[in-house]
Every structure is written in C-alpha cells, then in structure tokens.
> 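The structure under discussion is supplied below as structure tokens; questions concerning it will follow.
So you know, we letter chains A, B, ... as the sequences are listed, proteins then strands, and number each from 1. Since the structure is predicted, the reported quantities are computational estimates derived from the model, not experimental observations.
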2 protein chains.
Amino acid sequence: MRTINAIESSQKHFEYCPLDTTLGILSGKWKSIIICRLMSASLHFSELHKEIPRCSKRMLALQLSELQEDQIIKRQVTATFHTEYSLTAWGQSLAPLVTALNSWGRHYLKENAGKIAGNNNLDC
Amino acid sequence: MRTINAIESSQKHFEYCPLDTTLGILSGKWKSIIICRLMSASLHFSELHKEIPRCSKRMLALQLSELQEDQIIKRQVTATFHTEYSLTAWGQSLAPLVTALNSWGRHYLKENAGKIAGNNNLDC
DNA sequence: CCGAATCCTAAATGATACTG
DNA sequence: CAGTATCATTTAGGATTCGG
C-alpha cells in the first residue's frame, strides 16, 4: 500500500520538504552507488552485485525496489531469470546533482583528508 | 577518537567516495533541516529545537555534534547556558547544493504529488 | 538468476531523569 | 539553558533458506 517512498518520508516538519525528498531518494545506504553505476550503463542484478560486493543480495534487492518505487530506475526482464536495470528519465535528471555533490565532496576530501593513503581516484 | 565523521563513513566501495561523503554530511535524519535553518540565521539550541519540534533534544544534540565534527557548523557559548550555532565556511559553501537539491525535489513533488492537500510552500 | 520470507542480532532513536 | 546518561523500544541489516 505504498505510494512513493521518498515523498512519504519527507514530512519531517509537518509538510513536504523538497530538500528531504531529494535526499531521501539519494541517500539510502547504497542508492547513490547504484545510481552512479547505472549512469554509465544498464546492468543486470548480478552485475550490480559484483560492482557492490559489500551490499548483500537482500539489501541490493531492497534498494532496487525502493528506487523503482521512486521512479528513479526501471526493471526489465530480458530473459528468464535475467533482469536489467536502467535509469528512468527522473533518474537521468539526477545526473547534474550527482555531479555537483561529487565535486563538493572531492573538494572537501582534498582539504580535510589530504593525507589519505593510496591512489584513490576519488570518484564513484 | 573520531576524526571527521562523513569521511570515515564514505568508504562503501573500499575507497573514499566524494558523493557519499557529501551525502553523509547532508543526510542525517535532521541535518538538512538544521542546515537550512542556519542558512537564514544563527540560532540558539532552544530556538533550533522550537523550529524542529519532532526532533528530540537528544537527537538534536547528537546531530549538532556530528555537524560540528564535520566542520559544517560552529558552536559558540554566548552566555552561561546559552550556545549559538552558525554555519562555518564549509557550511555556507553547501548553499548552492541545497538549493539545487531543493529545486529538483520541488519539481519532483509537483509532478508526482500534484494533488497534495494544503497550502505548502514546498520549501524548507 | 532473481528475489521473497524468515529469523536473529546490532544499531538507531525515544523517554526520562539528572547536572553544571 | 544546554546538554549527558541510562534504559526501553523500534528499526535496519546480515545469514540463511526457499521458490519461480
């Protein structure tokens, strides 16, 4: 009996808050990564799972279904036991935000953790 | 023994992800609202609490201390038993992002929940 | 291969009381 | 006033199993 997830959960101050609506969509534990990955290409469930090994199968399924409810991604059965996930128009419209958030974070990390070891490219 | 919160918690794919760093800062349960409020003016603890009644005193204190650790807000004792919170430079630099996220959310809400009752101004 | 259902533990949050 | 400490409850998430 759910409608859109992110809308229901963005009423913290008694009314709908667009800022929290957006954050609600992006900030599930694995959602940003999923969106990032799908920004490059459509992927099967197992491919996504390989890309995000720390996310259990159960969690991946959960996050994917929430993103579907929020109309950010769409699911298509390509063959028996094969499902492909891709961004919807709404999902694609998030790209500039994702880029902006990523840039801010990169700047912040550089300033505050300049001494981070390793050769991170610092991107999703 | 904590360093910066948001940095530690943004290593979901084994390395630092700037996108998740930013989202980690913004997406604590009450953080976005706190930041919004402080974007207009510096506020005392009790004033913030009045603005966000659904957030318990305990949670408010928690979220404020995390935002402090992340260098987004600063805390100043103005008188005995009076503390004032305001944005740091990093906090202020979030303004464009907050605006962008809010705009996207407003658009999304309009399309997906056009029939929302009431006279919401749809802003934080 | 994809994902739902179940069970169980750990983490997050609320309620309340306490203190400088 | 601005928190902290403690306890009770809720919620999130992992492990495992099952089935289309």
> Which residues pass the salt bridge (charged side-chain N to carboxylate O under 4.0 Å, His left out) test with B:Glu84, not counting sequence neighbours?
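Salt bridge (charged side-chain N to carboxylate O under 4.0 Å, His left out) check on B:Glu84 returns nothing, list empty.
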> Ignoring backbone atoms, establish whether B:Ser56 has a side-chain N or O less than 4.0 Å from OP1 or OP2 of C:dG14.
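Answer yes for this pair, as a side-chain N or O of B:Ser56 is under 4.0 Å from OP1 or OP2.
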> Roughly, in whole Å, what's the span from CG in B:Leu64 to P in D:dG3?
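After rounding, the reported distance stands at 7 Å.
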> Does the side chain of B:Thr21 come within less than 4.5 Å of A:Leu101's, by heavy atoms?
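The answer is no, as the side chains (C-beta and beyond) never meet within the 4.5 Å cut-off.
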> For B:Phe45 and D:dT4, give me the distance from atom CZ to atom P, rounded to whole Å.
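Whole-Å distance recorded here is 9 Å.
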> Figure out the CG/P separation between B:Leu62 and C:dT13, and round it to whole Å.
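So the two atoms are 8 Å apart, to the nearest Å.
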> With respect to the phosphate group of D:dA2, does any side-chain polar atom (N or O) of B:Arg58 fall under 4.0 Å of OP1 or OP2?
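B:Arg58 to D:dA2 OP1/OP2: no side-chain N or O under 4.0 Å.
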> Quick one: sort the B:Tyr85 and B:Phe45 rings into parallel, tilted or perpendicular, breaks at 30° and 60°.
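The rings of B:Tyr85 and B:Phe45 sit tilted, inter-plane angle from 30° to 60°.
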> Tell me: NZ of B:Lys29 to P of D:dT10, nearest whole Å?
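After rounding, the reported distance stands at 14 Å.
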> At under 4.0 Å, does any side-chain N or O of B:His82 touch on OP1 or OP2 of D:dA2?
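Yes, because at least one side-chain N or O of B:His82 sits under 4.0 Å from OP1 or OP2 of D:dA2.
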> OP1 or OP2 of C:dC1 less than 4.0 angstrom from a side-chain nitrogen or oxygen of A:Thr83, does that happen here?
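A:Thr83 to C:dC1 OP1/OP2: no side-chain N or O under 4.0 Å.
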> Whole-Å distance between C:dT9 C1' and A:Met59 CE?
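The answer, rounded to whole Å, is 15 Å.
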> Considering only D:dG20, D:dA2, D:dT4, which nucleotide approaches the side chain of B:Ala61 most closely?
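It is D:dT4.
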> Which whole-number value in Å describes the distance from B:Arg75 CZ to D:dG3 C1'?
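Answer to the nearest Å: 8 Å.
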> Among D:dA2, D:dG13, C:dC1, which is the nearest nucleotide to the side chain of B:His44?
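My answer, after comparing the listed nucleotides, is D:dA2.
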> Without swapping roles, check the side chain of A:Thr88 against the backbone of A:Ile72 for a donor-acceptor pair under 3.5 Å.
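At least one qualifying donor-acceptor pair exists.
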> Name all residues meeting the side chain to side chain contact (heavy atoms under 4.5 Å, CB included) criterion together with B:Thr80; count only those two or more places apart in sequence or in a different chain, and write none if there are none.
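Checked B:Thr80 against side chain to side chain contact (heavy atoms under 4.5 Å, CB included); zero matches.
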> Measure from CZ on B:Arg54 to C1' on C:dA12 and round the result to the nearest Å.
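It is 18 Å, rounded to the nearest whole Å.
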> Does a side-chain N or O from B:Tyr85 land closer than 4.0 Å to OP1 or OP2 of D:dG3, or not?
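So the side-chain polar atoms of B:Tyr85 do come within 4.0 Å of the phosphate oxygens OP1 or OP2 of D:dG3, strictly under.
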> I need the CD-C1' distance between B:Glu66 and C:dA11, as an integer number of Å.
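It is 13 Å, rounded to the nearest whole Å.
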